[in-house]
Amino acid sequence: MLIFEKKITVSTEDLDARNHVNNVRYVQWVQDIAEENWIDNTSVLIRDTYYWVMLSHHIQYKAEAVLGDDLLLKTFVTKAEGLRSTRIVEIYNKNTSKLLSSSETIWCLMSHDTHKPTRITQEIIDLFK
């Protein structure tokens, strides 16, 4: 399984009224890193042919992050078959290595031509192994 990583630093825009990272921000980071991983691993031709839609999303919050924390986001695909792909995203405090949140998202591959679900090709599966 191919792991894709991204580092970010918590900014004031990420905070809620308690001065901790807002839960909605974690969800946004999950979507952002999934998209960045897709763009990083695929060609323009593949991206012009296919896109993903989220079918379900489960996130667990384990610890808080605050202003200035350096975070490490890791994502990887655990399953890709038929129309669906399962992606994990883990968010760690980079300085302490503490897991702050983990998520599992089920995505469906869509055709740009038909805007309908389409089978995941072996070429796409191989890009994320």
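Side-chain atoms are counted along with the backbone in the values below, which use heavy atoms only and exclude waters and symmetry mates. Positions are given from 1, in the same order as the sequence printed here.
Scanning both residues, Leu99 and Ala63, for their nearest heavy atoms gives O-CB, 4.2 Å. Contact between Leu67 and Ser11 at its shortest, heavy atoms only, is CD1-C, 3.5 Å. Across all their heavy atoms, Val24 and Asn22 have their closest contact at N-OD1, 2.8 Å. Of all heavy-atom pairs between Phe76 and Leu2, the closest is CB-O, 3.5 Å.
Taking the six-membered ring for Trp and thresholds of 30 and 60 degrees, Trp52 and Trp38 have ring planes more than 60 degrees apart, a perpendicular arrangement.
Pairs of residues two or more places apart, or lying in two chains, that qualify as salt bridge (charged side-chain N to carboxylate O under 4.0 Å, His left out) and include a residue from residues 16-27 are Asp14-Arg25, Arg18-Glu64. Among residue pairs with one or both ends in residues 74-83, those qualifying as side-chain hydrogen bond (donor to acceptor under 3.5 Å, both in side chains) are Thr75-Arg87; sequence neighbours excluded. The list of salt bridge (charged side-chain N to carboxylate O under 4.0 Å, His left out) pairs with a residue in residues 116-129, not counting sequence neighbours, reads Asp126-Lys129.
Not counting sequence neighbours, Trp107 has no partner by the ring pair (Phe, Tyr, Trp, His ring centres under 6.0 Å) test. The salt bridge (Lys or Arg N to Asp or Glu O under 4.0 Å) check on Lys62 picks up nothing, with sequence neighbours excluded. Take Arg84 and apply the salt bridge (Lys or Arg N to Asp or Glu O under 4.0 Å) test, not counting sequence neighbours, and it matches no residue. Not a single salt bridge (Lys or Arg N to Asp or Glu O under 4.0 Å) links Asp69 to another residue, sequence neighbours left out. Take Ser56 and apply the side chain to side chain contact (heavy atoms under 4.5 Å, CB included) test, not counting sequence neighbours, and it matches Ile106. Remark: Tyr61 engages no residue in a side-chain hydrogen bond (donor to acceptor under 3.5 Å, both in side chains) (not counting sequence neighbours). Looking at residues two or more places apart in sequence or on another chain, you find a side chain to side chain contact (heavy atoms under 4.5 Å, CB included) between Glu36 and Phe4, Lys6, Asp32. His57 is linked by a ring pair (Phe, Tyr, Trp, His ring centres under 6.0 Å) to nothing, counting only residues two or more places apart in sequence or in another chain. The salt bridge (Lys or Arg N to Asp or Glu O under 4.0 Å) check on Glu35 picks up nothing, with sequence neighbours excluded.
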**OP:** Could you give me the CA-CA distance, side-chain angles and deciding distance for Thr105 and Met54, then say whether side-chain contact (heavy atoms from CB on, under 4.5 Å) is met?
**Re:** CA-CA 7 Å; Thr105 308; Met54 185 184 292; 3.6 Å; yes
**OP:** Show the numbers, then the answer: is there a side-chain contact (heavy atoms from CB on, under 4.5 Å) between Val10 and Leu71?
**Re:** CA-CA 7 Å; Val10 175; Leu71 307 181; 3.7 Å; yes
Original post:
After noting the C-alpha distance and the side-chain angles of Ile46 and Ile124, does the key distance pass the side-chain contact (heavy atoms from CB on, under 4.5 Å) rule?
Top reply: CA-CA 8 Å; Ile46 290 173; Ile124 291 173; 4.2 Å; yes
Subject >> Test log, rule side-chain contact (heavy atoms from CB on, under 4.5 Å), inputs Leu109 and Leu83 >> reply: CA-CA 6 Å; Leu109 188 64; Leu83 309 171; 6.0 Å; no
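Taking the six-membered ring wherever Trp is involved, the centroid distance between the rings of His112 and Tyr50 does not fall below 6.0 Å.
In this structure, CG on Leu73 lies 4.5 Å from CD1 on Ile91, to the nearest 0.5 angstrom. We find the OG-NE2 distance between Ser102 and His58 to be 7.0 Å, quoted to the nearest 0.5 Å.
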